[in-house]
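Structure first, commentary second.
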Amino acid sequence: MNTIYADLCIIGAGSGGLSVAAGAVQMGASVVLIENHKMGGDCLNYGCVPSKATISVARTADKMRHADKFNLTSVAPKVDYKELAAYVTSVIAQIAPNDSVARFTELGVNVLQGTGKFIDAKTVQVGQTVVKGRRFVIATGSTAAIPPIPGLDQTPYLTNETIFALEQTPAQLIVIGGGPIGCELAQAHLMLGTKVTLLEGFKILPKDDSEATQVVREQLLQQGLDLHEGIKVLQTRKTDSGIEVTIEADGAEKVIQGSHLLIAAGRKPNLANLALEKANIDFHPRGINVDDRLRTSNKKVFAIGDTAGSFQFTHAAGYHAGIVIRNALFHLPAKVNYRAMPWVTYTTPELAHVGLNEDMATEQGTNYETISWPFKENDRAIAENDTAGFIKILLGKKGLILGVTIVGPHAGELITTYVLAINKGLKIKDLADMIVPYPTLAEVGKRAAGKYYLPLISSPRMKKIVRFLQKF
C-alpha cells in the first residue's frame, strides 16, 4: 500500500468537492481529491449544464415556431436530436477544462481516480493507496432515485444521465415526476416538438408558491402538455411499439402509451461503497447526518452538497464549501444559514424564490403582508412580448423583506437582488430607494415597493400636509 498524508481529503469531484479543493490548496493546505467517475460530477455532465443547453435550444425552436408574435414569419424548426446531443456535448466540452484533472493537478491538488472508502475513522483507501487526513469531506453528490414501480425493472427508461444523449426524436415522452427536473425536461421536449405526458402523484412544483406555480402550469398546458396530477402509477410495461404506464386517477385505471419513459422522481445521495460505518458516520437513506457546521458524527469528517441531505443545488454545494474551509482550515465555528438560499426552476416562464413563501410563512405562524406587481405592466416585458408572471414580496414588521417569489422572464437572474436583501436584512424602503435603469424587467420590484407606499402618500392626511406646506 502507498500511504499519502494530507490536510484535507475530499471524496467526490463534483461542484462542492472541486470548490473545497481549489480553495483549500490555494490557501496552502495539502489536498487529496478522489473521484471514481467524471470530473465535474452530475452538474457538469448530466445535470445543470446539459439541461440548460437543451432548454436554450428548445426556447429558440419555440421562438421560431411563434415568430408571428413579433409580426415575423413563423417557421417550423427542424429538430435533429443527434445534432442536439452534439451541441450539448460541445457545451460540456467547453466547460470541462475548468474541472479537469489537469487543472487541479496544476493547482497542486493530488487527484486520485478510483473509489474511495473509509477503512477507519481517519483513513480512506483508494485502490492500492491509503490516504490519512487531518480532515475529510464527503462530496459524492446524488443520482436519480428510481421508484419501486411494478414492472419498471423490465421497462426501458431514461434518467437525467441518459436523456441528453438521445439521438432519435421521441414520438411520445412520458415523464414520471413533476418536480423541477421533470417540469423543465417535459417542457423542453414539448418546445422541441415532442408529445409529452407528465405524471405527478401530487401537484407539480409543490415546494413553490402555489399562485406562481399556476402560471407555469397554465403555460405547460397551453403548449400541449398532457398533465396528470394527483395520480398513482400502478405499473409500467414494455410493448412492441414502446412502453405503457398504467395509472390510477379518480378511482379509475388508465393506460398511457409512449415511445420513451423518463424517471424524474427525486434524487438519492451516492453513499454506497463509502463504508461510512467504519468511520463512525451516521447516515440515513436521504443523506448523512450533519450539524450546522456540516460535521458528521465523526467530527473530523464533513459532508456537503447532496450528501448532506439538505438543498440539492449546485450553488448550495458551493456555499457549503466555504463553510467547510472556514471550519477545517481556520478552525472557525462557521455555521450554515439557509435564510437566503435561492432556488430556480428553469421552465418558461422561470420560477425563482428566496426566503419565505406564503405557505411557509403560514406554517411557521409568521405574520406577514404581501405586495406584488405583474410583468404585464412592465414596459420591457411588453416590448419583448413576454408578460406572463409577477413578483410577490412577503414583508414582516416595519417592512422587513421576508421572502420573494418571481415567476416570469429571467426570474433566475432577477432573484439575486433579493438574495442580497434578505441576507442583509433589508427593508422595503431600501428597495423603494433603489434607482433601477429603464426599461428593465427589474422594475417590477421597484414598482411593487412603490405600491407598498401608495396608501401612505395618497392618504387624506398626506394631502393635508402637502396643502399646508404649500402656503409657505
Side chains of Lys335 and Ile323: does their closest heavy-atom pair fall under 4.5 Å?
no

Only counting residues at least two apart or in another chain, list the ones meeting ring-ring contact (aromatic ring centres under 6.0 Å, His included) with His37.
none

For a 4.5 angstrom cut-off between non-hydrogen side-chain atoms, does Arg380 reach Glu443?
no

Is a donor on one side and an acceptor on the other found under 3.5 Å between the side chain of Ser56 and the backbone of Ala53?
no

Can you confirm whether Tyr452 sits close enough to Lys429 that some side-chain heavy atom of one is under 4.5 Å from a side-chain heavy atom of the other?
no

Once you measure the plane-to-plane angle for Phe472 and Phe468, does it fall in the parallel (<30°), tilted (30-60°) or perpendicular (>60°) bin?
perpendicular

With ring-ring contact (aromatic ring centres under 6.0 Å, His included) as the rule and sequence neighbours excluded, what pairs involving residues 182-205 come up?
Tyr81-His189

Would you say the side chain of Leu185 lies within less than 4.5 Å of the side chain of Ile163, judging by non-hydrogen atoms?
yes

Apply the test side chain to side chain contact (heavy atoms under 4.5 Å, CB included) to residues Tyr319 and Val336: give CA-CA distance (whole Å), side-chain angles for both, the deciding distance (0.1 Å), then the verdict.
CA-CA 8 Å; Tyr319 170 65; Val336 293; 4.2 Å; yes

Would you say CZ of Arg286 has more than 12 non-hydrogen atoms from neighbouring residues, nucleotides or ligands within 6.0 angstrom?
no

Is it the case that the side chain of Gln187 and the backbone of Thr348 share a donor-acceptor pair, with hydrogens and angles ignored and the cut-off at 3.5 Å?
yes

Donor-acceptor pair, side chain of Thr140 and main chain of Leu271, under 3.5 angstrom
no

Just checking, any donor-acceptor pair under 3.5 angstrom between side chains of Trp373 and Asn378?
no

Between Glu184 and Ile55, is there a side-chain heavy-atom distance shorter than 4.5 Å?
yes

Just by distance, no angles: are the side chains of Gln214 and Glu218 close enough, under 3.5 Å, to form a donor-acceptor pair?
yes

Would you please name every residue forming a side-chain contact (heavy atoms from CB on, under 4.5 Å) with Lys195, sequence neighbours left out?
Gln172

Has the side chain of Thr345 got a donor or acceptor atom that lies under 3.5 Å from a matching backbone atom of Thr347?
no

Apply side chain to side chain contact (heavy atoms under 4.5 Å, CB included) to the pair Ser310 and His320, showing each step before the final yes or no.
CA-CA 11 Å; Ser310 55; His320 287 170; 3.6 Å; yes

Sequence-distant partners of Thr362, side-chain contact (heavy atoms from CB on, under 4.5 Å), two or more places apart:
Tyr368

With distance as the sole test, does Arg103 use its side chain to make a donor-acceptor pair with the main-chain N or O of Asn98 at under 3.5 Å?
yes

Show every salt bridge (charged side-chain N to carboxylate O under 4.0 Å, His left out) that has at least one partner inside residues 413-428, sequence neighbours left out.
none

Step by step, would you call Leu294 with Asn327 a side chain to side chain contact (heavy atoms under 4.5 Å, CB included)?
CA-CA 9 Å; Leu294 298 175; Asn327 276 279; over 6 Å; no

Does Thr162 use its side chain to pair, donor to acceptor, with the backbone of Leu158 at less than 3.5 Å?
no

Ion pair present between Glu229 and Lys203, side-chain N to carboxylate O less than 4.0 angstrom?
no

Could you tell me if the side chain of Asn160 sits less than 4.5 Å from the side chain of Asp42, heavy atoms only?
yes

Between Ile428 and Ile401, which heavy-atom pair has the shortest distance, and what is it?
N-CG1, 3.9 Å

Tell me, which pairs form a salt bridge (charged side-chain N to carboxylate O under 4.0 Å, His left out) where one or both residues lie in residues 64-82, sequence neighbours left out?
Asp62-Arg65

Give a yes or no on this: more than 12 heavy atoms of other residues, nucleotides or ligands lie within 6.0 Å of atom NE2 of His410.
no

After noting the C-alpha distance and the side-chain angles of Arg217 and Ile204, does the key distance pass the side chain to side chain contact (heavy atoms under 4.5 Å, CB included) rule?
CA-CA 8 Å; Arg217 180 184 289 105; Ile204 63 169; 3.8 Å; yes

Contact check, side chains of Leu351 and Thr213, non-hydrogen atoms, under 4.5 Å
yes

Is there a donor-acceptor pair closer than 3.5 Å between any side-chain N or O of Lys232 and the backbone N or O of Ala249?
no

Taking Ser19 for its side chain and Ser15 for its backbone only, find out whether a donor-acceptor pair lies under 3.5 Å.
yes

Could you tell me whether the side chain of Thr296 and the main chain of Val290 form a donor-acceptor pair under 3.5 Å?
no

If we ignore hydrogens and angles and just use 3.5 Å, is the side chain of Asn45 paired with the main-chain N or O of Pro50 as donor and acceptor?
no

Are there more than 12 heavy atoms of other residues, nucleotides or ligands under 6.0 Å from atom CG of Asp250?
no

Carboxylate-amine/guanidinium contact Lys392 Glu211, below 4.0 Å
yes

Tell me the closest heavy-atom pair linking Phe375 and Gly408, and the distance in Å.
CE1-CA, 3.7 Å

Minimum heavy-atom distance Val196-Ala186, with the two atoms named:
CG2-O, 3.7 Å

Could you verify whether a donor N or O on one side chain and an acceptor N or O on the other, from Asp306 and Ser142, lie under 3.5 Å apart?
yes

Do Thr246 and Glu253 have side chains that get closer than 4.5 Å, going by heavy atoms?
yes

Side-chain ion pair, Glu350 and Arg59, N-O less than 4.0 Å:
yes

